[in-house]
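Beneath this line is the structure, given in C-alpha cells, with notes to follow.
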Amino acid sequence: MTKSVRVRYAPSPTGYPHVGNIRTALFNWLFARHYGGSFIVRIEDTDVARKVEDALQAILDGLRWLGMDWDEGPEVGGKYGPYFQSQRLELYRQTAERLVSQGDAYYCYCSLQRLEEMRAEQVRHKQQLGYDRHCRYLSDEERSAKKKEGITPVVRFQTPLSGQTGFNDLIRSQVVFDNNTLDDFVLLKSDGYPTYHLASVVDDHLMEISHVLRAEEWLSSTPRHLLMYQALGFEPPQFAHLPMILGADRSKLSKRHGASSITEYREQGYLPEAMVNFLALLGWSLDDRTEILSRQELIDKFSLERVSQTAAIFNHEKLYWMNGVSLRELSHEELLRKIMPFLESGLPKEVKRPISKEYVSRIVPLIRERINTLAEAATYADFFFLDELEYETSMLMGKKMTTETTVKALKAVQEKLSLLENFNRDSLEGTLRPLAKELELNTGQLFSPLRVATTGRTAAPPLFETMVVLGKERCLHRIMVAIGKLLNK
RNA sequence: GGCGCAUUCGUCUAGGGGUUGAGGACACCUCCCUCUCAAGGAGGAGAUCACCGGUUCGAAUCCGGUAUGCGCUACCA
C-alpha cells in the first residue's frame, strides 16, 4: 500500500445508529487502526426531509461508547473539512455544473408526477425500471423553453449507453456491469442538495479516501460512482462491500427483530467490549476457534481477506453469552462502578437512594457469575435491598417437606442463629450443616426453605454468603415472616 | 421485469482439490462439581457442504446451469 490509508464512516443522521451501520463503522475503524491510517467521520446530511434531530449526537455517542475514536470529523475538525455535507453544497454544485458543461451530465425538467407515471408504466409492462432519458435529448429550444417556465431542474448524469464498468472488489473480487443496465441517475436535487452518489464521490476524492468499506447494498451503485470518477478524471478509491446483517427471518435487521439501535444495547447493560467483539465476528473471523478477542487483538489481526461474503443473522443469544464473558473479565472495582448506575435506575422505587456503594461491593462477588448484563443486577439482586419479600408460601416447602416439617426446620434455624455470636460464612455453615443432621433432613431440605425465606426465591447466590451480606437481624426477621406465612396458610 | 451478490449444523463461522467419516462457538441435551441458580469441566445430539451436470484418479473446495435468498433499480442514504 503506497498511499496512506484513509477510510471514512459516513452515517446519515436520519435515525439512531443501527447495529449494521455500527458494524460498518467498526470495520472501517479496525482497518484504519490496523494500518496506522486515518479514520474519518463524515456526516451525510443531504436528506433534509428525513433528518432526525438527535440522531447525530446518538451516532457520535455510540462511536465514543464503543471506543471508536475518529481522527477527523465532527467535534475534532481536520484539514479536509468541513465534515458535514450540508456545509459543502457549493462544492457539489460546482462539480455538477462542470459535468454539465463537459457533456457528462444534463439538466432534467421532468416533474415528479411524470416520473411517477413513467415508473408505473414500466412496472405494468414489466420493463426495465429507470429514468427514460427524456431530457437527455431535449433540443436547445425545448431546453430554453423549460427554463423560461421557471422549473428548477435536477442534474442527471449522462450514463454511457454501451460498454461495461467493472472493478475489483476487495471482498468479492471482479464485479462487472453492463452500462446499459444503468439509468441516468440524479446528481443534484432541485433543492440544491446533492444525492449520495454525487456527494460521496466528490468528498471521497477531496478527502483523499483510499478505501471505501461500505455495506453490500452499495455494490450495485458502484459502477455509477466509477463512471463519475472517470468523467471527473479522479482516481477512484478501492472498494470493499461488507456483508449485510439480517434479522432472524433473513430480512434486513429492523426494530421488530428486537433492539437494533446501539443505544438500546447500552441501556440494557451490554458492555462496549462485548459489543465490539461480537460485531467484529459478524462477517469476520480470525480462525476456526477464536471467539473472544480484545480490542487490541482485533486491531492487530483484522484484515479484509478474512471478511466473509455472506450476509449474517444477528444472533442475540450469542451476544448475551459474550456479554457475560466480558462482564466476568472485569475487575471487581470496574464491575462495581458499572453496576451502580443500573442499580440506581433499575431497583424498585421503594428502595432508598442513593444506593450504598460499600454494600453493593459486597453483593457484586455473589452475582457476577449469575448475570449476563448490567441491567440484570437490579432484577437479580433486588432482595438485598427490599424490606418486604414477595413470594408464594408454597415455595418454602422443599422436597418431601410438609408445612409442619418446614416450620419446625425454620424454627430450629431461628433458634440456632439467634444464639450465634459471629455471623459469618464459616459459623453459619458450621451451625447449619450439623442442624440438618440433627433434624434428620438432608442439606437441601433445610437450605431450600431457608433460601426462600431469606431471598424470596428458589434460585439465588450461595446461601451462607448471601445471609452474611443480609446480616443476622434481617435474616432472623425474614425467617420469622416465613414462619408466619406458613402458619397462616 | 432487469442487473448484481450470495448459498457449509437452528445461528455465527473454519476449511478454498486428497491429512475432513467437515473443525470451533452460541443455543439444546447428559454427566461432574454442588445448599439452589450460575460459572467451570467432560461428553452428546445436530451439516446428504442448496440442487443438477461437468472438469479430475479424486470436489464442500474449480467450471456451468437451475433454484432460493438478499440487495439495487428514489429529486433516500
Side-chain angles (χ1 to χ4, degrees), chain A residues 10-12 14-15 21 44-47 49-50 108 110 112 115-116 119 122-131 152-156 169 171-172 175-178 180-183 185-191 193-197 199-200 214-224 241 243-244 246 248 250-252 278 281-292 306 308-322 324-325 328 367-372 380 398 429 432-433 436 442-448 450-452 455 457-464:
Chain A
S12 171
T14 50
N21 250 299
E44 312 228 321
D45 50 352
T46 57
D47 188 343
R50 293 199 309 153
C108 169
C110 292
L112 257 24
L115 260 20
E116 225 167 87
R119 196 189 152 78
Q122 288 167 343
V123 170
R124 198 169 327 133
H125 296 289
K126 298 195 169 182
Q127 289 168 327
Q128 186 172 323
L129 268 28
Y131 181 56
T152 319
V154 300
V155 176
R156 285 185 185 272
D169 188 276
I171 292 170
R172 287 150 219 284
V175 183
V176 184
F177 295 79
D178 283 329
N180 62 22
T181 62
L182 273 25
D183 74 345
F185 54 96
V186 174
L187 296 174
L188 203 63
K189 306 183 229 177
S190 55
D191 63 1
Y193 277 74
T195 58
Y196 171 87
H197 306 301
S200 72
R214 60 182 14 168
E216 195 194 333
E217 52 194 301
W218 294 111
L219 189 63
S220 306
S221 299
T222 307
R224 299 179 225 277
H241 289 93
M244 309 244 300
L246 311 174
R250 292 219 153 261
S251 70
K252 216 167 168 176
F278 178 73
L281 255 27
L282 227 43
W284 176 84
S285 63
L286 173 61
D287 54 28
D288 63 341
R289 54 197 65 250
T290 311
E291 302 285 342
I292 305 298
R306 297 201 60 87
S308 131
Q309 304 173 74
T310 44
I313 291 173
F314 193 92
N315 186 347
H316 286 90
E317 282 178 331
K318 187 158 181 178
L319 202 216
Y320 181 71
W321 163 78
M322 200 173 266
V325 172
R328 268 163 240 120
I367 64 170
R368 66 179 295 146
E369 265 154 30
R370 281 163 256 269
I371 57 173
N372 279 330
Y380 190 84
E429 184 157 22
L432 296 174
R433 279 195 193 278
N442 55 43
T443 49
Q445 284 176 307
L446 178 62
F447 294 169
S448 79
L450 188 50
R451 171 173 301 107
V452 175
T455 68
R457 47 185 75 194
T458 52
L463 186 58
F464 311 130

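To find a chain, count down the sequence lines: A is the first, B the second, and so on, and within it residues start at 1.
- Distances shorter than 4.0 Å separate none of the side-chain N or O atoms of A:T458 from OP1 or OP2 on B:U36.
- Atom CD1 of A:I292 and atom C1' of B:A39 are 14 Å apart (whole Å).
- Scanning atom types as modelled, one donor and one acceptor separated by under 3.5 angstrom connect the side chain of A:R370 and the base of B:C37.
- With a 6.0 Å cutoff to the six-membered ring centre and a 45° limit on the axis angle, A:R156 does not count as a cation-pi contact of A:F185.
- Using a 4.0 Å cut-off, some side-chain N or O of A:R156 falls inside it from OP1 or OP2 of B:C75.
- One C1' atom belongs to B:A47, the other to B:G40, and the distance between them is 29 Å to the nearest Å.
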Given the rule in the ring-ring contact (aromatic ring centres under 6.0 Å, His included) test, do A:F278 and A:F314 qualify, once you have shown the distances and angles that lead to the verdict? CA-CA 10 Å; A:F278 178 73; A:F314 193 92; 5.1 Å; yes

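- Base-pair partner of B:A6: B:U68 (Watson-Crick or G-U wobble, both distances under 3.5 Å).
- Residue-level contact check: A:T290 touches neither bases nor backbone, having no heavy atom under 4.0 Å from any strand.
- Residue-level contact check: A:L112 touches the bases, meaning some heavy atom is under 4.0 Å from a base atom.
- Using a 4.0 Å heavy-atom distance criterion, A:R224 is classed as a sugar-phosphate-only contact.
- A:D287 and A:T290 form a side-chain donor-acceptor contact under 3.5 Å, judged by distance and modelled atom types alone.
- With rounding to whole Å, A:K189 atom NZ is found 14 Å from B:A74 atom P.
- Using a 4.5 Å heavy-atom threshold, the side chains of A:V186 and A:V155 count as separate.
- A:R214 and A:T222 are linked by a side-chain donor-acceptor pair at a separation below 3.5 angstrom, with hydrogens and angles left out of the test.
- Taking atom P on both nucleotides, B:C52 is separated from B:C12 by 23 Å, rounded to a whole Å.
- A:P462 comes within 4.0 angstrom of a nucleotide base, judged by non-hydrogen atoms across all strands.
- As rounded to the nearest Å, B:U11 and B:G16 have C1' atoms that lie 23 Å from one another.
- Using a 4.0 Å heavy-atom distance criterion, A:G324 is classed as making no nucleic acid contact.
- In this structure, A:L129 atom CG and B:G2 atom P are separated by 11 Å, rounded to whole Å.
- Base pairing annotation: B:G21 forms no Watson-Crick or G-U wobble pair, as no partner gives both donor-acceptor distances under 3.5 Å.
- Rounded to whole angstrom, the span from the CH2 atom of A:W284 across to the P atom of B:G15 amounts to 12 Å.
- Residue contacts shown for A:Q309 are limited to sugar-phosphate atoms, with no base heavy atom under 4.0 Å away.
- Using a 4.0 Å cut-off, no side-chain N or O of A:S12 falls inside it from OP1 or OP2 of B:C76.
- Of the side-chain N and O atoms in A:R433, one or more sit less than 4.0 angstrom from OP1 or OP2 of B:C35.
- If you check B:U30 for Watson-Crick or wobble pairing at under 3.5 angstrom, you find it paired to B:A42.
- Counting non-hydrogen atoms under 4.0 angstrom, A:V123 reaches nothing in the nucleic acid.
- Under the Watson-Crick or G-U wobble criterion, with both distances below 3.5 Å, B:U48 has no partner in any strand shown.
- Between A:E317 atom CD and B:C28 atom C1' the separation is 10 Å, expressed in whole Å.
- Of the candidate nucleotides B:G1, B:C75, B:G23, B:G1 has the atom nearest to the side chain of A:Q128.
- Below the 3.5 angstrom threshold, one finds a donor paired with an acceptor across the side chain of A:S190 and the base of B:C75.
- Among B:A25, B:C76, B:C35, the nucleotide with an atom closest to any side-chain atom of A:W321 is B:A25.
- In this structure, A:E44 reaches the sugar-phosphate backbone alone: every heavy-atom distance under 4.0 Å involves primed, P, OP1 or OP2 atoms, never a base.
- Rounded to whole Å, the P atom of B:C31 lies 49 Å from the corresponding atom of B:C72.
- Nucleic acid contact class of A:I313 (heavy atoms, under 4.0 Å, all strands): sugar-phosphate only.
- When each of A:Y131 and A:I171 is assigned the nucleotide of RNA chain B with its nearest heavy atom, A:I171 is the one assigned upstream, toward the 5' end.
- Residues A:D169 and A:Q309 form no side-chain contact, since every pair of their non-hydrogen atoms from C-beta on lies 4.5 Å or further apart.
- B:U13 sits 25 Å from B:U19 when the P atoms are compared, rounded to a whole Å.
- Rounded to whole Å, the separation between the P atoms of B:G64 and B:A6 comes to 12 Å.
- Minimum atom distance to the side chain of A:W218 is reached by B:A77, of the listed B:A77, B:C37, B:G4.
- With rounding to whole Å, A:L319 atom CG is found 11 Å from B:C26 atom C1'.
- As rounded to the nearest Å, B:A39 and B:C26 have P atoms that lie 10 Å from one another.
- If you check every strand for non-hydrogen atoms under 4.0 Å, A:C110 touches a base.
- Judged by distance alone, with hydrogens and angles left aside, the side-chain atoms of A:D47 form a donor-acceptor pair with the main-chain N or O of A:A49 at under 3.5 Å.
- Among the atoms of the strands shown, only primed sugar atoms or phosphate atoms (P, OP1, OP2) are found under 4.0 Å from some heavy atom of A:M244.
- Using atom C1' as the reference point in both B:A67 and B:C51, the two lie 7 Å apart (nearest Å).
- The shortest distance between side-chain heavy atoms of A:H241 and A:I171 does not fall below 4.5 Å.
- Pair check for B:C35 finds none; no Watson-Crick or G-U wobble contact set falls under 3.5 Å.
- A:W284 has its side chain within reach of A:L286: a pair of non-hydrogen atoms, C-beta onward, lies under 4.5 Å apart.
- Within the structure, every side-chain polar atom (N or O) of A:K318 is placed at least 4.0 Å from both OP1 and OP2 of B:U13.
- As rounded to whole Å, 13 Å separates atom P of B:C72 from atom OH of A:Y196.
- By the 4.5 Å heavy-atom criterion applied to side chains, A:V452 and A:R457 are not counted as neighbours.
- In this entry the distance linking CD of A:E369 with P of B:U36 reads 16 Å, nearest Å.
- Nucleotide B:U61: unpaired (no Watson-Crick or G-U wobble partner with both distances less than 3.5 Å).
- Base engagement by A:N315 is indicated by at least one non-hydrogen atom pair under 4.0 Å involving a base atom.
- Residue A:T181 is the one, among A:N372 and A:T181, whose nearest nucleotide of RNA chain B lies closer to the 5' end (criterion: closest heavy atom).
- Within 3.5 Å, a donor on the side chain of A:E291 pairs with an acceptor on the base of B:G24, or the reverse.
- Across the strands present, B:G16 finds no partner; the criterion is a Watson-Crick or G-U wobble pair with both atom distances under 3.5 angstrom.
- Looking at the side chain of A:T310, the nearest of the listed nucleotides B:U7, B:C76, B:G4 is B:U7.
- Remark: A:R119 is in phosphate contact with B:A74, judged by side-chain N or O atoms under 4.0 Å from OP1 or OP2.
- OP1 or OP2 of B:G15 lies within a sub-4.0 Å distance of a side-chain N or O belonging to A:R306.
- Within the 4.0 angstrom heavy-atom criterion, only backbone atoms of the sugar-phosphate kind lie near A:V186; the bases stay farther away.
- One can find a donor-acceptor pair under 3.5 Å joining the base of B:G71 and the side-chain atoms of A:S220.
- If you check every strand for non-hydrogen atoms under 4.0 Å, A:R172 touches sugar and phosphate atoms only.
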